[in-house]
Amino acid sequence: MMKRIGYARVSTNGQDAERQVTDLLAAGVRRDDLYTDRGASGARASRPEFDQALAALEEGDTLVVTTLDRLGRSTANMLSLAVELRGRGVNLNVLNLGGGTVDTVTPMGGMTFTVMAALAQMELDIKRERITDSVSKRRAVGKDLGGRRAQFTDSQIRNARRLIDGGQSGTQVAKDLGMSRATMYRRMAQIEAREWIESQAD
């Protein structure tokens with residue numbers, strides 16, 4: 001049987017969630033299927049009751065909230081959650097969105113959901129584009145990008161090259177070093193290219 005799971009949230013313990021609860025019950029949510037977080041801001045990564053509400057949702061169920069901002073503070077967070085619900089086959093019913101009710105069970109609500117998903121994807125693409133652009137610019141000026149540093153020195157790679165030139169198997173040399181054969185040869189190529197550029201500059 002498909003359920004309607006309601007979620008209410010107030011940011012401080014002093015605030016009253018009763019209005020939200022009343023509206024959710026009127027929208028067909030059973031009290032046993034109602035989850036309320038008190039003293040939990042939308043910016044918090046973890047909200048216990050919200051996590052329980054999400055866990056209770058099964059395919060075909062509907063998550064009901066009074067307003068979209070009950071799901072989170074940032075637009076990106078709210079939209080990504082909407083996309084996640086759609087992927088799980090869960091409907092979303094926002095009782096007051098733009099002055100009216102949006103329910104993804106209906107054709108109009110489904111269209112709204114599609115627009116929301118498109119906006120979320122667009123925002124994600126823009127973020128990726130900015131990150132890629134930033135990384136490219138930092139690489140262009142030779143800045144450290146952070147992350148895991150190389151575990152092997154240039155000297156070790158040069159020694160590996162000498163062993164291979166002396167007749168040893170590249171696969172065995174890489175194994176003895178504790179690195180993949182592809183990585184070893186890539187490092188060799190990088191070193192040789194750098195040394196060639198330096199020799200041309202002399």
Side-chain angles (χ1 to χ4, degrees), residues 37 40-61 63 68 71-92 104 110 112-202:
D37 272 316
S41 72
R44 282 180 52 179
S46 177
R47 289 164 281 165
E49 291 291 310
F50 184 57
D51 292 341
Q52 288 187 46
L54 292 181
L57 288 163
E58 298 177 356
E59 185 175 355
D61 289 347
L63 176 63
L68 194 59
L71 300 179
R73 286 290 176 93
S74 74
T75 302
N77 178 257
M78 288 184 283
L79 293 180
S80 64
L81 176 62
V83 174
E84 177 190 332
L85 292 175
R86 184 177 193 179
R88 291 173 53 186
V90 172
N91 301 304
L92 177 63
T104 58
T112 301
F113 202 107
T114 300
V115 172
M116 290 168 65
L119 288 172
Q121 185 60 50
M122 182 179 70
E123 188 160 351
L124 182 61
D125 290 342
I126 290 172
K127 282 185 177 179
R128 284 175 178 164
E129 186 177 318
R130 286 174 179 167
I131 290 171
T132 300
D133 184 56
S134 175
V135 168
S136 298
K137 287 178 179 177
R138 288 174 68 84
R139 280 189 177 139
V141 297
K143 287 189 176 181
D144 182 11
L145 297 176
R148 187 172 63 183
R149 296 180 180 278
Q151 296 177 346
F152 303 93
T153 65
D154 287 355
S155 177
Q156 288 174 303
I157 301 300
R158 289 190 183 98
N159 285 336
R161 166 57 72 189
R162 281 192 285 270
L163 290 172
I164 293 171
D165 290 345
Q168 290 197 33
S169 163
T171 300
Q172 186 59 49
V173 171
K175 184 177 180 181
D176 291 341
L177 273 174
M179 67 193 308
S180 73
R181 187 171 180 272
T183 299
M184 180 182 69
Y185 278 113
R186 184 172 65 250
R187 287 287 306 279
M188 287 178 179
Q190 290 171 345
I191 291 171
E192 289 170 1
R194 187 170 66 244
E195 290 177 343
W196 182 85
I197 292 173
E198 289 172 353
S199 68
Q200 298 301 304
D202 292 341

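Just so it is clear, the structure is predicted and the values come from calculations on it, not from any experiment.
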Requested in this report: Test D154 against R187 for side chain to side chain contact (heavy atoms under 4.5 Å, CB included), laying out the working first.
Outcome: CA-CA 8 Å; D154 287 355; R187 287 287 306 279; 3.1 Å; yes
**Report entry** Full working for side chain to side chain contact (heavy atoms under 4.5 Å, CB included) between L54 and R88
**Finding:** CA-CA 11 Å; L54 292 181; R88 291 173 53 186; 4.3 Å; yes
Requested in this report: Give the intermediate values and the outcome of side chain to side chain contact (heavy atoms under 4.5 Å, CB included) for residues M184 and I164.
Outcome: CA-CA 11 Å; M184 180 182 69; I164 293 171; 3.6 Å; yes
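Heavy atoms only, all atoms of each residue included: L57 and L85 are closest at CD1-CD2, 4.1 Å. The heavy-atom pair separating G60 from N91 by the smallest distance is O-ND2, 3.7 Å. V173 and A160 make their closest contact through CG1-CB, 3.7 Å (heavy atoms, listed as atom of the first residue, atom of the second, distance). Minimum interatomic distance between D61 and A56 (heavy atoms only, all atoms of both residues): OD2-O, 3.8 Å.
When side chains are defined from C-beta on, Q172 counts as touching D176, because their heavy atoms get closer than 4.5 Å.
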